[in-house]
Each structure stands twice: as C-alpha cells, then as structure tokens.
Amino acid sequence: MTDESILRVEGISKSFGGVKAVEGVSLSVKKGSITGLIGPNGSGKSTLFNLISGAEKKNPGGSIEFDGKQIDALPPHKRSELGMGRTFQTPRLFPGMTVLENTMVAPRGQKGERPFVSPLRRRWEGQEIELAKKAKAQMTRLEIDKLYGKLTSEISGGQMKLAQLSNALMEDPKMLLLDEPTAGVAPRLAQDIFQSITNERQERGTTFFIIEHRLEVLFKHVDTDFVMHQGKIIMEDKPEAIVKDKRLAEAYLGI
Amino acid sequence: MASDLLPLFSGAAVGNICDISSLLSRESIALAYPAISVSVWVIALVFAMLAGGIMGLVASYPALRVKEEWFLSMILLVGGETFRIVVTNTPEIGCGFNGLAGITTPFYWLSNYLPSGPLQAEVPTGLYAAVIVLLAIGCFVFAQKICNSPYGRLLKSVRDDKVAAESLGKDVSRVRKQIMVLGSIMAGLAGALYVYYIGVATPEDYIPALTFGIWVMMILGGYANNRGLLLGAFVITMLDRGSLVTGIALQSYLPTLNSNLIVYGRYMVEAVILLLLLVFRRKGLLPETRVKTKAYTLFDFGKKKAQASSPPAEAPRAGGEATS
C-alpha cells in the first residue's frame, strides 16, 4: 500500500430540487486500500457513489480525479474503461439473462462484442472459454455457481448482491465502488464476501471503496473509514478511532 | 439487339421512367438479357441494403435521445409515415403515388426457354421464391450466430438495464446505433426482395398496417427468440396470403360474396391474435432463449453426463442445480 491516492474528489455537490444530497464533499482514497463509507440512511452515500461513477451528474464546480485523470466530464462507460467498477445498492442485473450470462457480459472489450466479428465463432471462442473459466472460479468462490442457469429475475436478493459482485470483479477493475455488498446476504456469507475482498486486494492490488451498514464486519477489514452525515463528510479515521468517537453516535441517533 | 440498350447507357433517351413505354422496355430488356437482369437485381439488393443502413443510422439519432422505447417506436412510426407521404406526393421519387412498375423477377428471361402455358410465368416466380427462402435462411443463420455470441449478450444487457451496462463499460449509444443499422440493412434487403416479387415499388404497400403486421409476428413468436420470429412470420404471412387466395377462390364459386370480407378479415384476425397474446401470453409462444456459447459447457457438462448415465444415482447432485 502506497500513499498515492487513486481517487481524489474535490468539493463536489449534488442537489435534487431544493435538497442538497451531497454538499461540498472532498475526499481521497488511497491506492490499494479498503476504504469504508458509513453514515445513516439518506446521508448521501449512494448519491456520492453515483457522482463518482457518473450515473448521475454533479452540480457545476468541484472535480473528480481517478488514477491521475480528470473524469468529471466522462460518460459512465468511459470511467469504467479506466478501471472503475461499481455495484448498486438495489442490485442492477440484467433480468432477462442467466447468472452466467450476467457474469460473462461484464468483461470489457471482448472480441465477440463487435457485430461483424460475432458471427465468426472461431475468432472469439478461445477468449470465451478463458472468460468462462474465470467466471466459474469467481462464481464458485461466491457460491453462486449452482445458479448459473437461472435468470437473475428468479434469484433471491442476497444472491443478486453476489451476482452483482461477481460481475464487477470480472472486469479486473483498479477500483471497485461497492454499495452495501452484504445487505440481504446470510451473515456467514457476509464474512466470506469481505474475505474475498481482502484476498482480491492482496492478489491484484484492487482498491475497494465500500458503503456498508454491517459495521462489525466492515471494521474488521477496512484500513480507513469515512463517515457521512447530511451530505457532508464529518469524519475520516481508522475504524478503531471512529467507533470511539461520539460524533458517530450523534450522526446515527440524531442527537 | 444492342439498339434498345444503347440509349439506356447513354442516359439521353431514357425519358420518363414512369410511363408505360419505359415499363414495357424494362420488361423486354429483362426478357432478352439474362446477365443484365440478374446483375441489376444483385446491384439493387446491395443498394437497398446500403440505403437501409443509412436510413437506420439516421433513425438511430432520435433513438439515442429518447428515454423509453415507447417514444422511440412512436418517433419511428411517425417518421416512416412522413417519409411515405412525402414519397407518395413526389413524382420524382419512385414515380410517386403510382409507384415504379414493370420490375420483373431476375429469372423472367427463363420463360423464353419454357413451353408456352402457365409454366412460363410460374417457373421464374417459383425459382425466385426459392431464392428468397434461401436468403431468408441466410439471414436467420446470421441472426442466430449474432445472438449466440458475446454480442448477443451485449444486446440483451443494453436492453435490460442501460445504467448497469454503462457501469460495466459498455457504450450503450454505440450498441444501439449498430443494431439499428444492422436491422435496417436486413429490412432494406427484405424490401428489395419483396419489390422484385410483386413487381412494383409503390409507397402504398408500406402503410402502418405493415408495421403492425410485423409487430404481431414478433409478439406471436416471442421476444428475443429468432425461432419464434420465424414462427410468427410464417403464421402471419400464411394468414395474409391465405386470406387473399381464399377470398379470390370463393369469389369464383359464389359471385354474390364480397371477397373483401375475407381479404380484409385478416386485419381483424391479426388484431384478435394480438389481443389474445397480450392477455394470455405476453411473452409470445416461444420463451426467450439463452445466449448459447461454449461458456455453458463448463457448467452443463456434469449435469448432462449425470442425466445420460444413471439418473437415480446422480439425482441428488442434479437436483441441486435444477434449471428448468
């Protein structure tokens, strides 16, 4: 882990009508770290993720820098091409496709994704098998390999979370924004998911930026953690320090 | 022999391509020169595909700017209808309302070599129909190959969730543009083949009812299933042609019968089919298919083996991964 940051956000805001969901947030995430983002419901965590990934447009002003590049003006798919993956709080999968197809669609720049190459099976089949092996390993690790032939509209909420994580990991991103990766997942599996995240970080140096409500699991794995409240970052510290801080209880309990 | 061709090549003496004399000269040329007949047909197909592709590209611009598919279909329907009305009222484009007639099948010249009788007309038409079927099979195989590939997955992902597809680095606008162009190229090909089949290119053939006919084919067969589309196209085309033939045949037996009742009754039947489908089978007769690539072999292999060898012994294992 170096001190170099992979994501640097400077004074960005977002308002919906009169509501300021995110207000002048500045933060930086260190390359290769596992960074948490916590805060009560409605504090703007997911909106912040949407602004970073480009799913929503930020208000004019401020800047977002990813891996040394200014990305504010880029459309979401370009940000993803630079190596930024994400999952959604409410799982966004492709309901008309099976779990395997969902995982297989994720890798970028597949040879067979070009319309006039796609009919020429021989040109892409080698790559397809390689990706399928990777998908199988990934799905086995997340314990969703048995569901491969099920449509993603037919599986449970927790399984959807896992399928989504599997999609996001397939792309080999430099940084992954995970929006509540273990909500609705069995407690034992929640531990496993965080274990996979830690392994992934060690093996490939992937950076993780995670929104999570299961603090007991999150705090075991994160290096540093941000606390968000009413659209603002109110704390940034190591988890041990944060649990002791009174401001955390104040934010959650509204005192 | 070359005397009737020369003025055509010089371009000076073509005159009005819409009048009856040029219609007759088109037919006589088609009869006399097999090579020209076939090559003009091939060129026409290529141009139709090109024109279709360009129109598709133009149409994809609104397609990228609407948020819901409903608006897109409205825009395309209105755009198509506007285009048809413009053509109908512009004699300079395809002879306007009257259309361009005297387009014979590329095998019209075969009648020179056939004994006089009904065969003279039926052999060239039948042969041409066979060629259309072959091209249709070609298109079907092409579509199947595209669908059962990573591109097929990409298409489905863009259809299912634009935001999620973008978050996975997919250029949704580009994919939409590509598929509009690809679809329009196929439609252009179909249009050119059709014109050669019925012998006249007239805007009155492309009224909105045609759009809805194709829509019923799609809904009948099932979304995202090429076999279903084939089934739908077959049923609706049989209904269309069948009602025409039945209407005419009945007329000759019962002169008092109004054959229009049967000929146009097909629209009512189509509407009833559409309503029944929307109520009872919203996803069509055939279900959506998987994107079949080798990726499944890594997963399906064990299951297939288990089913083939000894189902009872392997049942617990296979039961865990039931996919029906």
Side-chain angles (χ1 to χ4, degrees), chain A residues 53-55 75-82 84-88 91-98 100-121 124-125 127-129 131-133 135-136 139 145-152 164 167-168 170-171, chain B residues 141-175 177-179 181-183 185 223-224 283 287-303 317-324:
Chain A
S53 75
H77 71 269
K78 293 271 184 203
R79 298 185 194 198
S80 165
E81 273 169 26
L82 289 175
M84 182 193 286
R86 76 161 298 182
T87 65
F88 296 85
R92 293 193 88 132
L93 291 156
F94 309 113
M97 295 162 78
T98 63
L100 176 61
E101 283 161 19
N102 266 269
T103 309
M104 290 293 289
V105 82
R108 285 182 302 270
Q110 298 181 43
K111 286 177 194 159
E113 275 189 352
R114 277 172 292 166
F116 290 105
V117 177
S118 61
L120 312 167
R121 189 172 286 258
W124 50 262
E125 200 142 64
Q127 193 190 32
E128 177 82 0
I129 291 169
L131 289 175
K133 280 181 188 157
K136 187 168 188 182
M139 287 160 71
D145 55 318
K146 295 275 194 304
L147 302 169
Y148 73 96
K150 281 233 197 281
L151 292 180
T152 46
Q164 195 177 224
N167 286 3
M170 276 299 279
E171 307 180 84
Chain B
V141 170
F142 180 70
Q144 280 290 72
K145 278 184 179 277
I146 280 190
C147 291
N148 289 313
S149 81
Y151 191 61
R153 279 197 301 252
L154 182 60
L155 288 177
K156 285 194 181 190
S157 74
V158 167
R159 171 201 66 183
D160 279 355
D161 194 330
K162 178 175 173 285
V163 174
E166 278 179 336
S167 83
L168 294 173
K170 310 297 177 193
D171 192 341
V172 171
S173 319
R174 201 167 129 212
V175 175
K177 207 181 277 181
Q178 284 169 348
I179 205 62
V181 170
L182 211 58
I185 288 176
Y223 292 112
K283 290 187 169 173
E288 180 169 344
T289 49
R290 283 180 181 183
V291 179
K292 291 187 200 80
T293 70
K294 277 217 166 145
Y296 277 107
T297 56
L298 290 182
F299 293 80
D300 282 340
F301 183 66
K303 204 182 91 200
R317 231 188 89 205
E321 41 188 26
T323 52
S324 61

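Throughout, a chain's letter reflects where its sequence line sits, starting with A, and its residues are numbered from 1. The model shown is predicted, which means the values in this text are computed figures rather than measured ones.
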Lys133(A) portion near chain B, given a 4.5 angstrom heavy-atom threshold: both
NZ or CZ of Arg114(A) within 45° of Tyr151(B) ring axis and under 6.0 Å: no
Side chain, backbone, both or neither of Ala165(B) within contact of chain A (heavy atoms, under 4.5 Å): both
Heavy-atom pairs under 4.5 Å with chain B, option from Lys111(A), Gln110(A), Glu81(A) with the top count: Gln110(A)
Leu93(A) backbone acceptor or donor facing Asn102(A) side chain under 3.5 Å: no
Side chain, backbone, both or neither of Met170(A) within contact of chain B (heavy atoms, under 4.5 Å): neither
Ser53(A) side chain to Arg86(A) side chain, donor-acceptor N/O pair below 3.5 angstrom: yes
Toward chain B, the part of Arg121(A) with a non-hydrogen atom under 4.5 Å: side chain
Closest-packed option against chain A by number of heavy-atom pairs under 4.5 Å, given Gly152(B), Ser157(B), Cys147(B), Ala164(B): Ser157(B)
Structural part of Pro107(A) lying under 4.5 Å from a heavy atom of chain B: backbone
Donor-acceptor contact present, side-chain Glu101(A) to main-chain Arg290(B), <3.5 Å: no
Atom NZ of Lys136(A): over 12 foreign heavy atoms under 6.0 Å: yes
Main-chain N/O of Gly169(B) paired with Ser80(A) side-chain donor or acceptor, under 3.5 Å: yes
Choice from Arg159(B), Gln178(B), Glu288(B), Glu166(B) maximising heavy atom contacts with chain A below 4.5 Å: Glu166(B)
Region of Leu182(B) that comes under 4.5 Å of a non-hydrogen atom in chain A: side chain
Region of Lys292(B) that comes under 4.5 Å of a non-hydrogen atom in chain A: backbone
Lys170(B)/Glu113(A) salt bridge by N-O under 4.0 Å criterion: yes
Side chain proximity check, Tyr148(A) to Thr103(A), heavy atoms < 4.5 angstrom: no
Side chain / backbone / both / neither for Leu100(A) at chain B, heavy atoms under 4.5 Å: side chain
Chain B contacts, top residue of Pro119(A), Gly85(A), Gly109(A), Ala135(A) (heavy-atom pairs, under 4.5 Å): Pro119(A)
